[in-house]
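All ligand and atom numbering here is 1-based and tracks the order in the structure.
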Amino acid sequence: MTTSAEFRYGVPQAQDWNALTDDAFRALVRDDFETHYPVAQRFPPRRLRWSENKDWYLRLAAKGWIAPAWPVEYGGMGLSPSKLLVYFEEQERCGMMRFQDHGILMVGPVLMKYGTEAQKRQYLPGILSCDAIWCQGYSEPNSGSDLASLSTRAVRDGDDFVITGQKIWTTLAHDATHMFALVRTDPDAKKQEGISFLLLDVHSPGVRVRPIRDIAGTEEFCEVFLDGVRTHHTNLVGELNRGWTVAKSLLGFERIFLGSPKLPEYGLLVLESLARARGLLDDPVFNDRFMSLKLDVAHLADIYGHYAAIVSRGESLGQDVSLLKVWASETFQRVADLVVETAGPLGGLSGNVSIGDETLNPLATFYKARVPTIYGGTSEIQRNILARQVLDLPG
Ligand SMILES: Cc1cc2nc3c(=O)[nH]c(=O)nc-3n(C[C@H](O)[C@H](O)[C@H](O)COP(=O)(O)OP(=O)(O)OC[C@H]3O[C@@H](n4cnc5c(N)ncnc54)[C@H](O)[C@@H]3O)c2cc1C
């Protein structure tokens, strides 16, 4: 740990949460969320924009609860894997939607591992206070699964790097203040070896953000055009041309988060409300399928706890973490499929529908379940990794 005594990241923790029993911690978190999380924002059918949910997340930031998995020394809650699961489960129980948390989930952990002391001091406080909202500039129009083929260039000019190119599918870039981006700094090297990891201010001259409308009619991701954008050379994270190593470690953090049981648990809650509204909770055929999915989600929570424990011991995740992402995303799809089927003909309608005493949006759950098998590396790519790098099958 390189933090010095006189510098404090974030808000001090009110107590050592890990000293509580899981049940006591759950009661405390549940009471806080139930009391304070706005009812109007529970179980939204789409991802909320920063202008819509910032009051809640600024409250969490002020309380020191914005980074549950970060070590206490860096301003996080320092939760153990079991407490982290409790925290996520309670967020899910009250229908709390993720915010634009790429700072907390991705660039923060990267800076803790690869950042200089100056970078940590410059950027971690803004992430913890939510003054800085980050987006992820990895994918390009011709580089998604084959990310290492990316062509956005960065050229050193005096004290700056000058970036030119295009990113795409950049989640909530229109709300972001900063981007962490993969850029090509040596076009002559082998493709993985000429890439660097740069931080930039989204409000710099030369950045243009254009939202993309998706099938559900919402605008959650964007194209980002970078035309001669300057960023100071001290915004290089890790070594020049060694950004692929940084990117891979970030993908590890991303895969464990994307493997959390949060989304399938959310799907089960929707399914249960729907079944209640349709009077199916005592139906043995429905219950057979419902219980089977519940068991799948329980197994997922178990294995998630196993990987979260590895991370909390400070150890690196192996390539086998890919199975977590496949299991989580595909389980969510199975749950969402049953949601639409259980809704019957109403499952095909967009927007809220009234079923029994409930107002629900089954199609939104179905749409929500399409994307996790794509972002963070598609299921096909995860299976390739498992086949080649874990099972050692011929490629
Ligand atoms: C909701 C959402 C949010 C996103 N947010 C971000 C973000 O914030 N920042 C960012 O940088 N990116 C983001 N992405 C982009 C995401 O990472 C890419 O969509 C993903 O990596 C796939 O790349 P692609 O879309 O170019 O598809 P392609 O790579 O063109 O793949 C198309 C199809 O071919 C298959 N395929 C490709 N190569 C192989 C192979 N070798 N073997 C077997 N099958 C293969 C894929 O599995 C897929 O089914 C987001 C995507 C979505 C859907």
Nearest neighbour in protein (non-hydrogen) for atom 45 (C) of ligand 1: Ile381 CD1, 4.2 Å
Protein heavy atom at shortest distance from atom 44 (N) of ligand 1: Glu380 CB, 3.5 Å
Only one of Trp134, Trp56, Phe99 passes ring pair (Phe, Tyr, Trp, His ring centres under 6.0 Å) with Trp50; say which it is. Phe99
Distance-only N or O hit between ligand 1 and Thr378, under 3.5 Å: yes
I'd like to check atom 15 (C) of ligand 1 in this structure: does the protein have a heavy atom lying under 4.0 Å from it? yes
Taking only residues two or more places apart in sequence or in another chain, which ones pass side chain to side chain contact (heavy atoms under 4.5 Å, CB included) with Ser129? Asp131
From the options Phe180, Trp134, Trp169, Phe221, select the one whose nearest heavy atom is closest to atom 7 (C) of ligand 1. Trp169
What residue and atom, counting heavy atoms only, is the protein's closest point to atom 31 (O) of ligand 1, and at what distance? Ser145 OG, 3.7 Å
Looking only at distances, can you tell me whether any N or O atom of Tyr375, backbone or side chain, sits closer than 3.5 Å to an N or O atom of ligand 1? no
Beyond-backbone contact of Arg278 with Ile355, side-chain heavy atoms, under 4.5 angstrom: yes
With sequence neighbours excluded, what pairs up with Phe286 under the ring-ring contact (aromatic ring centres under 6.0 Å, His included) test? Phe290
Does a side-chain N-to-carboxylate-O contact under 4.0 Å join Asp337 and Arg289? no
Would a 4.0 Å cut-off, counted as strictly less than, catch a protein heavy atom around atom 5 (N) of ligand 1? yes
Ion pair present between Asp146 and Lys191, side-chain N to carboxylate O less than 4.0 angstrom? yes
Ion pair check, Arg184 and Glu140, cut-off under 4.0 Å: no
Measure the distance from atom 24 (P) of ligand 1 to every protein heavy atom, then report the residue, atom name and distance (to 0.1 Å) of the closest one. Gly144 CA, 3.9 Å
Is the closest basic N to carboxylate O distance between Arg93 and Glu34 below 4.0 Å? yes
Do ligand 1 and Asn384 have nitrogen or oxygen atoms that lie under 3.5 Å from each other? yes
Heavy atom of the protein closest to atom 12 (N) of ligand 1 (residue, atom name, distance): Ser139 OG, 2.8 Å
Would Glu140 count as being in polar contact with ligand 1, using the rule that some N or O on each side must be under 3.5 angstrom apart? no
Nearest to atom 8 (O) of ligand 1, what protein heavy atom do you find, and at what distance? Thr171 N, 2.9 Å
Identify which of Ile374, Asn142, Leu172 has a heavy atom lying nearest to atom 19 (O) of ligand 1. Ile374
Thr170 versus ligand 1: do any nitrogen or oxygen atoms come within less than 3.5 Å of each other? no
Do Phe88 and Tyr266 have ring centroids that are under 6.0 Å from one another? no
